[in-house]
Amino acid sequence: MEYTFRTIEKKWKEYWKEHRTFSVSNHSPKPKYYVLDMFPYPSGAGLHVGHPLGYIASDIFARYKRLKGFNVLHPMGFDAFGLPAEQYAIETGQHPIKTTEQNINRYREQLDNIGFCYDWERAVRTSDPSYYKWTQWIFLKLFHSWYDRNTQKARPIAELISIFEIDGNANIPCPADEQICLDGNCWKGLSVEEQRDILMKYRLAYLGFADVWWCEALGTVLANDEVVNGVSERGGFPVEKRRMRQWFLRITEYAERLLDGLETLDWTEAMKEMQRNWIGKSIGAEIKFVVEQASDKAITVFTTRPDTIFGADFLVLAPEHSLVDDITTPAQQSEVNAYREYVRTRSERERISEVKLVSGCFTGSFAINPITQRPIPIWIAEYVLAGYGTGAIMAVPSGDQRDHLFAKHFNIPITNIFGARYSGEEAYMAKEGTLENSGFLSGIEISKAVKMAVDAIVEAGVGQGKVNYRLRDAGFSRQRYWGEPFPIVYKEGIAFAIDELSNHSIGEQSTLPILLPEVESYQPASSGEGPLANISDWVNTPVGQRETSTMPGYAGSSWYFLRYMDPQNDHEFAGRKATDYWREVDVYVGGTEHAVGHLLYSRMWTKALYDLGFISFQEPFKKLINQGMIQGSSRFVYRVHGTNQFVTYSRRNEMQVDEIHVDVSLVDGLLLDQKRFKAWRPEFANAEFLLEDDGSYICGVAVEKMSKSKYNVVNPDDIVAQYGADTFRMYEMFLGPIDVSKPWDTKGIEGVHRFLKKLWRLYVDEQKGWIVNQELPNAQELQVIHRTIKKIGEDIERFTLNTSVSQFMICVNELASLTCHKQRVLEPLAILLAPFAPHLAEELWQQLGHSTSIMDASFPDYEEKYITENSKKYPVAVNGKTRVELEFPLDMPEEMVKQAVLSHPIIMKWLEGKAPKKIIFVKGKMINLVV
RNA sequence: GCCCAGAUGGCGGAAUUGGUAGACGCGCUAGACUCAAAAUCUGGUUUUCGCAAGGGAGUGCAGGUUCGAUUCCUGUUCUGGGCACCA
């Protein structure tokens with residue numbers, strides 16, 4: 001009997017489905033374990049072999065945990081809202097619901113093909129009204145909440161109103177505008193409009209303004225992705241920034257907790273570091289500079305180096321800064337206007353990464369340095385961003401390279417406050433040494449001067465110490481169709497949540513979910529609003545207009561892990577019993593590209609839901625496993641320029657050639673199938689070949705991203721059809737460590753396939769059939785299997801699954817050479833294999849005489865006594881170079897070992913009669929003689 | 001530009017805590033079985049000098065620490081990911 005993987009895999013897939021083997025209950029006496037994959041966006045291209053890498057790893061882990069006695073939640077779903085589906089709709093007129101449905105079905109088939117143990121009964125898709133109802137619901141909770149800095153938690157906005165009615169905002173500074181100051185009476189005297197305006201400045205989901213890419217020619221707002229080299233990707237039209245009213249999430253209030261929470265997480269240090277840098281906490285000071293010509297106007301700068309205030313030679317404002325208009329002198333007005341026009345065409349990335357080109361513009365005004373009383377010029381420049389700090393800096397050219405380049409370029413005189421350490425050529429950026437030429441700070445160590453400077457600033461009443469975060473509030477509006485509609489209606493321009501208005505007054509669509517309406521066209525509205533603005537029946541309600549933006553992609557993905565816990569619940573986003581049972585995700589597997597987006601937003605949503613009392617934990621993902629990418633391995637043919645002749649790899653330099661991607665399926669290793677190549681595309685039908693001496697055509701190779709256009713995409717379905725899902729799963733793991741990128745090479749899969757066939761032959765003989773016997777294993781066999789049990793268990797715990805596959809190979813090679821067919825060895829081996837090659841393991845398990853799924857077996861324990869060796873073959877080195885291997889019992893006294901080593905002829909030869917200076921003996925490791 | 005990773009044979013990779021560099025597999029190669037092929041099995045395979053025994057070099061590059069460095073430190077080059085509206 002051969003290893004007939006097709007029959008076996010089909011049989012067990014049907015068995016699992018029929019017996020609901022992977023259906024998970026929220027009630028179990030077993031301890032819980034939650035294993036989650038980052039859910040996919042179902043693109044039209046389907047899955048390629050790179051996508052399932054992480055899914056296979058987490059599937060192995062989930063199955064392992066189940067064998068270890070846990071009740072394992074391992075769900076999958078789809079992040080189904082997004083730009084590509086909408087783009088496709090614009091191009092083809094097909095409704096995103098339809099194309100998304102098709103794509104999801106395709107993904108589902110491809111995933112099922114690989115034999116994952118997902119509980120599909122729990123599947124979610126973010127574009128389902130039954131799902132986005134709760135995305136909208138959470139948005140409303142954020143809208144109805146504010147962040148209490150005193151208790152460091154979110155609270156209902158109703159409680160804020162109660163406080164305002166008594167004390168005003170005396171103890172609750174406004175996060176959006178610290179100038180706002182009111183007492184209880186003052187609050188009560190405000191109009192509803194004024195009150196709501198102030199409340200908006202406290203809400204966790206709030207309306208503000210942000211710059212978006214506007215493309216006049218396309219009449220639409222573009223995503224960063226759709227802007228390439230300063231023009232629209234579609235059509236190449238000019239784009240510019242336009243300020244629009246947008247929803248935001250006040251994630252900045254959570255900055256400190258997001259930072260602190262990292263300490264409790266089992267994530268890689270690199271991942272935590274990226275989040276820390278993104279949050280970007282910096283400690284410094286805000287300093288107020290009064291404008292010389294208009295003493296009622298002041299510019300507040302944020303600096304991390306208040307100690308350098310004596311070296312401040314000019315101020316730089318972001319070109320968008322609200323004071324620019326006020327301070328620009330008539331003489332400079334046209335230059336300032338022109339410069340601001342230019343900046344509107346620049347992306348933030350370009351603005352901050354530009355190093356060669358220094359640009360800026362003088363406003364004509366001067367500001368008074370509040371400590372030195374010296375007037376200094378006020379400039380605007382693109383390297384200062386409106387959204388960071390106060391949108392204004394004090395430039396210290398002798399202490400900051402950026403400022404230094406600027407001063408040199410515009411011939412602004414530089415004050416040296418570092419003496420000889422400032423070269424005049426480059427700024428002195430180090431925070432060591434003493435300050436000079438700095439008034440009362442002269443001669444003071446920089447480390448001490450920072451605090452002294454802040455004290456002086458506070459004393460002078462011109463500023464204060466300040467902690468600043470690079471983190472910005474998260475833009476939450478998209479001028480798009482394919483996303484969650486907002487449950488918001490504008491009544492005379494004021495935003496109301498639908499639950500603040502009576503059902504009657506809004507008319508239809510007055511309760512959650514606010515359904516995404518059908519549209520005629522996916523083109524944006526003329527105003528720059530999204531396509532929803534075109535549906536006047538939907539937009540207009542008896543009380544006012546609905547919000548026409550939709551929510552961004554990360555809305556649905558910020559909380560989906562909670563929905564899996566209780567996916568059918570139609571009166572809560574997830575029942576408290578369910579969330580209390582499953583709690584946070586124990587292991588989350590996904591790519592590092594989500595390091596700061598999705599992973600930060602999910603953390604914030606979790607904290608907000610925790611604060612508001614809806615869940616009992618405040619971090620969503622306890623342990624994070626990063627998964628690398630599988631790259632494509634492209635193949636090239638070389639066409640002689642201007643002809644239809646193709647020259648083989650080794651001769652390509654003999655003539656002028658064009659390198660052309662050739663479909664990898666037409667190539668076996670490097671060998672081109674010439675016949676199929678001719679049939680591939682009409683223009684190659686009459687191709688002629690200039691071949692190697694042996695008549696073969698050898699292709700060129702490059703490792704690139706897997707993509708359709710490079711003809712290097714490998715579909716898992718094809719691999720599964722040819723080798724089986726079990727081989728595919730093990731091969732993906734065998735390729736290398738989970739977290740690094742590596743190229744796909746179909747050729748290599750045969751080794752893994754051979755291994756599974758070899759393993760099969762331990763159990764089944766081609767002629768005799770089932771050959772497992774009941775003999776007792778000997779010491780060697782016990783050592784092999786117990787070593788394997790140990791290694792596989794440790795590897796899975798550490799997610800080093802590539803070495804597990806190696807260990808399986810070693811184990812099978814050894815058992816084969818021992819001709820071991822003993823049930824007591826092969827039964828535990830089948831269980832070890834179950835997470836990796838589940839179909840095959842089930843088949844073996846059944847034939848071993850079991851009537852239930854192998855998933856209900858227990859992972860075997862190893863016994864140290866079968867593994868331990870009592871002697872060690874020591875490498876013996878002289879001066880670090882290994883000269884001989886000598887075997888000694890592990891319990892042999894050190895002195896005796898040394899004696900034996902010294903009297904060994906090879907060692908004596910290397911010692912040349914000299915006595916070694918030192919003998920290093922590391923028990924169980926090595927011996928080194930130093931001469 | 002900034003932040004975070006990575007670099008080891010012809011290829012994917014192993015070396016878990018500073019202790020035999022190249023496990024395991026691919027590829028290549030020699031052989032067994034076969035009329036032949038497939039499948040399977042056995043041996044060889046970092047490189048260099050050498051008939052061999054044996055020696056030299058070697059983990060991107062340049063230094064350093066150490067009895068000993070793929071592993072730690074400093075600098076540097078290249079590649080990948082992210083940089084706030086791709087998901």
Side-chain angles (χ1 to χ4, degrees), chain A residues 2 38-41 43 79 81-84 87 210 212-213 221-227 246 268-271 273-274 276-278 280 348-350 352-356 387 402 470-480 552-554 557 591-598 600 626 628-629 631 633 669-670 701 703 705 731 734-737 739-745 747-752 754-755 757-758 761 766 794-795 798 800 802-803 805-810 813 816 873-882 885 916-920 922 924-931:
Chain A
E2 266 184 88
M38 289 187 186
F39 65 170
Y41 175 80
S43 83
D79 189 12
F81 275 134
L83 215 47
Q87 196 50 48
V212 292
W213 281 120
V221 171
L222 296 177
N224 285 339
D225 234 35
E226 299 174 297
V227 178
Q246 306 271 312
T268 60
E269 205 40 50
M271 208 67 167
E273 194 60 21
M274 279 190 261
R276 284 189 201 110
N277 291 337
W278 186 260
E348 227 170 70
R349 178 106 46 98
E350 288 169 329
I352 53 173
S353 61
E354 187 67 76
V355 282
K356 290 176 191 123
R402 209 67 205 256
R470 201 177 70 97
L471 183 71
R472 300 206 294 259
D473 281 343
F476 202 66
S477 298
R478 299 292 182 265
Q479 285 66 51
R480 298 286 174 176
Y554 67 83
S557 63
T592 49
E593 67 271 23
H594 299 287
V596 287
H598 162 61
L600 205 59
N626 297 128
M629 290 203 310
Q631 297 149 310
S633 184
L670 299 177
V701 189
V703 173
K705 202 170 180 163
Y731 183 55
F734 188 57
L735 280 176
D739 56 338
V740 303
S741 297
K742 55 243 159 187
W744 174 264
D745 174 20
K747 199 88 189 162
I749 200 171
E750 291 185 10
V752 174
R754 271 200 279 273
F755 149 73
K757 286 198 275 192
K758 191 168 179 179
R761 287 198 302 274
E766 232 168 276
E794 288 172 354
D795 278 348
R798 282 183 300 133
T800 54
N802 53 330
T803 51
V805 181
S806 302
Q807 181 61 36
F808 276 122
M809 288 172 171
I810 292 166
N813 287 345
K873 231 183 203 176
Y874 285 91
V876 183
V878 178
N879 283 338
K881 282 195 196 301
T882 304
E885 276 186 0
K917 255 193 242 167
K918 204 169 165 188
I919 303 176
I920 291 136
V922 184
K925 293 280 186 190
M926 47 68 69
I927 299 160
N928 188 19
L929 309 177
V930 186
V931 185

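Every chain is numbered from 1 and lettered A, B, ... according to where its sequence line falls, protein lines coming before strand lines.
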Task: Protein-nucleotide distance (A:Tyr731, atom OH; B:G25, atom C1'), rounded to Å - done: 9 Å
Task: Base versus backbone protein contacts along nucleotides 3-13 of chain B [heavy-atom cut-off under 4.0 Å; B, S, -] - done: SSS------BS
- [ ] Heavy atoms under 4.0 Å is the rule here; annotate nucleotides 61-79 of chain B 5' to 3' with B where the base is hit, S where only the sugar-phosphate is, and - elsewhere.
- [x] ------B------------
Task: Parallel, tilted or perpendicular: rings of A:Tyr731 and A:Trp744 (30°, 60°) - done: perpendicular
- [ ] Name all residues meeting the side-chain hydrogen bond (donor to acceptor under 3.5 Å, both in side chains) criterion together with A:Trp278; count only those two or more places apart in sequence or in a different chain, and write none if there are none.
- [x] none
Task: Pairwise 5' ranking along RNA chain B for A:Tyr41 and A:Thr803, keeping only the more 5' one - done: A:Thr803
TODO: List for me each residue that meets side-chain hydrogen bond (donor to acceptor under 3.5 Å, both in side chains) alongside A:His594, sequence neighbours excluded, and say none if there are none.
DONE: none
Task: salt bridge (Lys or Arg N to Asp or Glu O under 4.0 Å) against A:Asp795, all qualifying residues, sequence neighbours excluded - done: A:Lys791, A:Arg798
Task: Residues forming a salt bridge (Lys or Arg N to Asp or Glu O under 4.0 Å) with A:Arg478, sequence neighbours excluded - done: none
- [ ] Step through it carefully: locate the ring centre of A:Tyr554, locate the ring centre of A:Phe476, and say whether they are under 6.0 Å apart.
- [x] yes
TODO: Counting Watson-Crick and G-U wobble pairs only, both distances under 3.5 Å, name the nucleotide matched with B:G22, or none.
DONE: none
- [ ] Check whether any side-chain heavy atom of A:Met274 lies under 4.5 Å from a side-chain heavy atom of A:Asn277, and answer yes or no.
- [x] no
Task: Charged N-O contact under 4.0 Å between A:Glu269 and A:Arg276 - done: yes
